[in-house]
Amino acid sequence: LLDPIEDMEISDDDFKKLVRKVETLEDKLFTNKLFKDSTIEHRYSQFQEKTRLETEIKAIKKQLKVSNDIILKDDLKGMKKVLRRLGFTNEEDVVQVKGRVACEITAGDELVITELVFLGMFNELSPEQTVAILSCFVFDEVSKNTSNPKEELAAPLRQLQDAARRVAKIATECKLDMQEEEYVNNFKTSMLDLSFAWAKGAKFAEILKGTDIFEGSIIRCMRRLEELLRQLSTAAKAIGNTELENKFLEGINKIKRE
């Protein structure tokens, strides 16, 4: 074969670069241990199959993303319907007073808590009862403390559970995946009597008697409870309910001790 540079006297610099690239690639090809391997055809077929599968996986992942986007879009529609049904937003999705209150709450289930605020439940409770009921929103550990609550806590607890069932029912009707009893059981009552006793002035050693809840868990719950009460006082202030604001602040004073 004629050499394009030596024999044909091609002097173009770009052409010379291309020739050198070809020589480099040929050198890599000839020195590769697979160049004369008898299984090269089989290996090449496997590589083609791998490439095909990778392309198929990319296509499936793309379809999966589209499907997930549709599911999320449906969930978002359902959530918006729930907020409208509960009165947190209006038909134009403009946030209403209940929605503004819910926006202040991050330390507990804002939907159920806001429902209880507007049902007037906290207006009828003492600061100690308020502290106890709100403990159901911040304690999420497993405990065997399942005894019946004290008489003064039984009625507000039922109101809490009824409100949770209403929220769950509306969510289900709006096509959201929510199990009513499972949702209601999320509001654990294990700290109900303990937090009530603590708010009424009991000593820490006293509330530890007859419970399997660790000291650290109780302290952690009280801190979360304090944060929730602080958020609720801010929410009450936002809607101009001074009496309720002061009650939540008093609840903080009841549980925050040196």
Side-chain angles (χ1 to χ4, degrees), residues 1-86 88-89 91-95 99-100 102-111 137-142 167-168 170-183 185-186 188 214 216-217 220-221 223-224 227-228 231:
L1 294 175
L2 294 175
D3 186 288
I5 297 175
E6 296 294 331
D7 299 326
M8 302 176 67
E9 299 182 352
I10 297 176
S11 58
D12 183 76
D13 290 337
D14 290 337
F15 181 78
K16 289 180 179 180
K17 289 179 181 179
L18 289 173
V19 169
R20 284 195 292 272
K21 283 185 179 180
V22 170
E23 290 173 348
T24 301
L25 291 172
E26 285 181 340
D27 182 60
K28 287 183 178 180
L29 175 64
F30 297 146
T31 56
N32 192 296
K33 63 181 181 179
L34 293 176
F35 181 66
K36 294 183 179 181
D37 194 319
S38 60
T39 64
I40 188 65
E41 292 294 332
H42 177 64
R43 290 174 181 270
Y44 183 67
S45 297
Q46 286 182 319
F47 178 77
Q48 284 183 311
E49 179 64 12
K50 178 187 174 184
T51 304
R52 185 190 69 78
L53 290 173
E54 286 177 343
T55 303
E56 189 175 333
I57 288 170
K58 285 182 181 178
I60 291 173
K61 283 183 176 179
K62 188 175 180 180
Q63 285 182 323
L64 186 60
K65 185 179 183 302
V66 172
S67 298
N68 284 336
D69 288 344
I70 292 172
I71 292 171
L72 289 173
K73 190 175 180 181
D74 289 341
D75 283 348
L76 181 59
K77 286 181 180 178
M79 291 174 188
K80 289 171 72 174
K81 287 180 181 178
V82 170
L83 293 177
R84 286 196 291 268
R85 289 274 301 274
L86 291 172
F88 286 63
T89 61
E91 292 301 319
E92 288 73 40
D93 293 327
V94 177
V95 177
R100 290 203 298 272
C103 287
E104 299 290 343
I105 302 167
T106 59
D109 190 302
E110 65 276 13
L111 297 184
F137 293 89
V138 296
F139 185 75
D140 54 8
E141 299 182 26
V142 177
V167 170
I170 290 174
T172 303
E173 290 172 355
C174 293
K175 310 300 182 185
L176 292 180
D177 184 18
M178 184 178 289
Q179 302 299 318
E180 184 176 311
E181 287 307 312
E182 182 179 333
Y183 181 65
N185 290 334
N186 283 335
K188 302 186 184 300
F214 293 115
S217 298
R220 186 162 51 251
C221 176
R223 286 175 178 169
R224 293 178 64 187
E227 178 61 22
L228 179 56
Q231 291 175 359

inquiry  = Tell me whether Asp74 is salt-bridged to Lys175, with the criterion being a basic N under 4.0 Å from an acidic carboxylate O.
reply    = no
Note: Lys188-Asp140 ion pair, threshold 4.0 Å (strictly below) = no
Heavy-atom closest contact ([X] atom, [Y] atom, distance):
X: Glu227; Y: Ala107; value: CG-CB, 4.2 Å
X: Val82; Y: Leu176; value: CG2-CD1, 3.8 Å
X: Glu173; Y: Arg85; value: OE1-NH2, 2.6 Å
X: Ala102; Y: Glu110; value: O-CB, 3.6 Å

Spacing of [atom1] belonging to [X] relative to [atom2] belonging to [Y], to within rounding of 0.5 Å:
X: Cys103; Y: Phe88; atom1: SG; atom2: CZ; value: 9.5 Å
X: Glu26; Y: Thr31; atom1: CD; atom2: OG1; value: 11.5 Å
X: Leu228; Y: Arg224; atom1: CG; atom2: CZ; value: 9.5 Å
X: Asp93; Y: Lys80; atom1: CG; atom2: NZ; value: 4.5 Å
X: Thr39; Y: Glu41; atom1: OG1; atom2: CD; value: 10.0 Å
X: Ile170; Y: Leu111; atom1: CD1; atom2: CG; value: 9.5 Å

inquiry  = If you count every heavy atom of other residues, nucleotides or ligands that lies below 6.0 Å from Phe15 atom CZ, does the total exceed 12?
reply    = yes
ask   = If you draw a 6.0 Å radius around CZ in Phe30, do more than 12 non-hydrogen atoms from other residues or ligands fall strictly inside?
value =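 Yes, enclosed.
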task = Apply side chain to side chain contact (heavy atoms under 4.5 Å, CB included) to Lys62 and Lys58, showing your working.
result = CA-CA 6 Å; Lys62 188 175 180 180; Lys58 285 182 181 178; over 6 Å; no
inquiry  = We want to know whether Gln231 and Thr106 form a side-chain donor-acceptor pair, criterion being a heavy-atom distance below 3.5 angstrom.
reply    = yes
task = Show your working on salt bridge (charged side-chain N to carboxylate O under 4.0 Å, His left out) between Arg52 and Glu49 and close with a plain yes or no.
result = CA-CA 5 Å; Arg52 185 190 69 78; Glu49 179 64 12; 2.6 Å; yes
inquiry  = Does any part of the side chain of Tyr183, heavy atoms only, come nearer than 4.5 Å to the side chain of Asp109, both counted from C-beta?
reply    = yes
query = Is any side-chain heavy atom of Glu23 less than 4.5 Å from a side-chain heavy atom of Asp27?
reply = no
